[in-house]
Amino acid sequence: MELQFQQYRLGDANTVYMAEVTAIQKAIDYIIASDLVNVGIVTDSRSTLQTLESIIDRRAIIVDIKTKLQTHRNNILLYWVKAHKGQWDNERADFLARSATDKGLIHVEFFQSARQLRNASNQNIREIWQARWSNSRKGIWTKTFYEKVDTKRICGDFYFNQVLTGHGVFGSFQASMFSLNSPAGEM
């Protein structure tokens, strides 16, 4: 039964996972501030519950939640439900979470994790690489095979790369590079 709800908008760089963690923290804070007893918090975020059971994660928000749960050990319990199974309360929570993203004012902002920073940096590198590749007048032959750059396609095969790039032990290439009038091998 819904008695009241609160919405908090997170920064655009924050993940759904961080929204789930924040929701649990805010619910715990509300329960403690309202002196409620025997309350269950229901979430569809298994990863959040697993993080709260972990002894490795030392992020401030996780430590805060663990401390409050330990202090109110038998008063606040966390439960997991399967997502998107038509449970009204869960669907309502998802609706409120989506609608909070439309708010203008950011209430909670987390620093990006090292992984998020690395991913953003790698994405930026790929975009710059793609722009340079697309705008270059060189590599026309290779562009016929590969229009888009992709690190998964990097090939270390010496002979294959010579064929793809047109640079190798081909008489026409060597003649153009070394100003030889005859094809390679004829001296």
Side-chain angles (χ1 to χ4, degrees), residues 7-24 43-51 54 56-62 80-86 90-187:
Q7 289 179 298
Y8 300 91
R9 182 175 185 279
L10 273 64
D12 293 335
N14 297 137
T15 63
V16 172
Y17 169 78
M18 290 312 296
E20 298 278 1
V21 170
T22 301
I24 289 174
T43 180
D44 63 5
S45 176
R46 184 177 286 175
S47 59
T48 300
L49 296 177
Q50 288 172 338
T51 300
S54 167
I56 298 170
D57 199 310
R58 302 302 305 160
R59 286 177 279 187
I61 190 168
I62 301 298
W80 176 79
V81 293
K82 207 169 201 174
H84 309 294
K85 289 296 179 187
N90 194 36
E91 298 301 325
R92 173 80 173 138
D94 287 346
F95 169 78
L96 291 171
R98 281 191 300 276
S99 65
T101 63
D102 295 333
K103 294 183 176 293
L105 178 66
I106 295 174
H107 300 97
V108 180
E109 181 76 62
F110 292 100
F111 292 112
Q112 289 185 321
S113 68
R115 177 177 288 166
Q116 287 175 304
L117 291 171
R118 185 179 61 242
N119 290 344
S121 177
N122 287 341
Q123 178 64 29
N124 190 30
I125 289 169
R126 281 189 299 275
E127 288 171 3
I128 292 169
W129 183 17
Q130 181 64 52
R132 289 179 65 189
W133 178 249
S134 298
N135 296 329
S136 175
R137 292 186 190 151
K138 297 182 178 189
I140 302 296
W141 172 255
T142 307
K143 284 182 193 177
T144 60
F145 298 106
Y146 302 120
E147 189 176 319
K148 297 197 183 279
V149 298
D150 188 357
T151 56
K152 294 177 183 148
R153 258 197 323 263
I154 294 176
C155 181
D157 187 288
F158 177 74
Y159 298 105
F160 182 67
N161 286 337
Q162 287 182 25
V163 171
L164 282 182
T165 61
H167 296 89
V169 290
F170 309 116
S172 58
F173 173 70
Q174 288 187 349
S176 68
M177 288 299 292
F178 303 112
S179 300
L180 299 175
N181 294 330
S182 61
E186 298 178 15
M187 295 205 176

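This chain uses plain numbering: 1 for the first residue, then up along the sequence. As a basis for the values below, the full set of heavy atoms in this structure was taken, side chains included, without hydrogen atoms, waters or symmetry mates. These figures come from a predicted structure and were not determined experimentally.
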(request) Could you grab the distance from atom NZ of Lys138 to atom NZ of Lys143, nearest 0.5 Å is fine? (result) 11.0 Å

(message) Restricting to non-hydrogen atoms, name the atom on Thr48 and the atom on Ser45 that form the minimum distance, rounded to 0.1 Å.
(response) OG1-OG, 2.6 Å

(request) Verify, without hydrogens or angle tests, whether Thr51 (side chain) and Ser47 (backbone) share a donor-acceptor contact under 3.5 angstrom. (result) yes

(request) Work out which heavy atom in Tyr146 is nearest to a heavy atom in Trp133; give both atom names and the distance. (result) O-NE1, 3.2 Å

(request) State the CD-CG distance between Glu20 and Leu49, to the nearest 0.5 angstrom. (result) 9.0 Å

(request) Quickly, which of Asp150, Asn135, Val149, Ile125 forms a side-chain contact (heavy atoms from CB on, under 4.5 Å) with Gln130? Name it, please. (result) Val149

(request) Please name all residues satisfying side chain to side chain donor-acceptor pair (under 3.5 Å) with Gln50, sequence neighbours left out, ordered by chain then number. (result) none

(request) Could you grab the distance from atom CD1 of Ile24 to atom CD1 of Ile62, nearest 0.5 Å is fine? (result) 8.5 Å

(message) Under a 3.5 Å distance rule, please check whether Ser136 uses its side chain to pair with a backbone N or O of Arg132 as donor and acceptor.
(response) no

(message) Once rounded to the nearest 0.5 Å, what's the spacing between atom CG of Asn124 and atom CG of Asn119?
(response) 12.5 Å

(request) Could you tell me which non-hydrogen atom of Ile61 sits nearest to which non-hydrogen atom of Met18, and how far apart they are? (result) CG2-CE, 4.1 Å

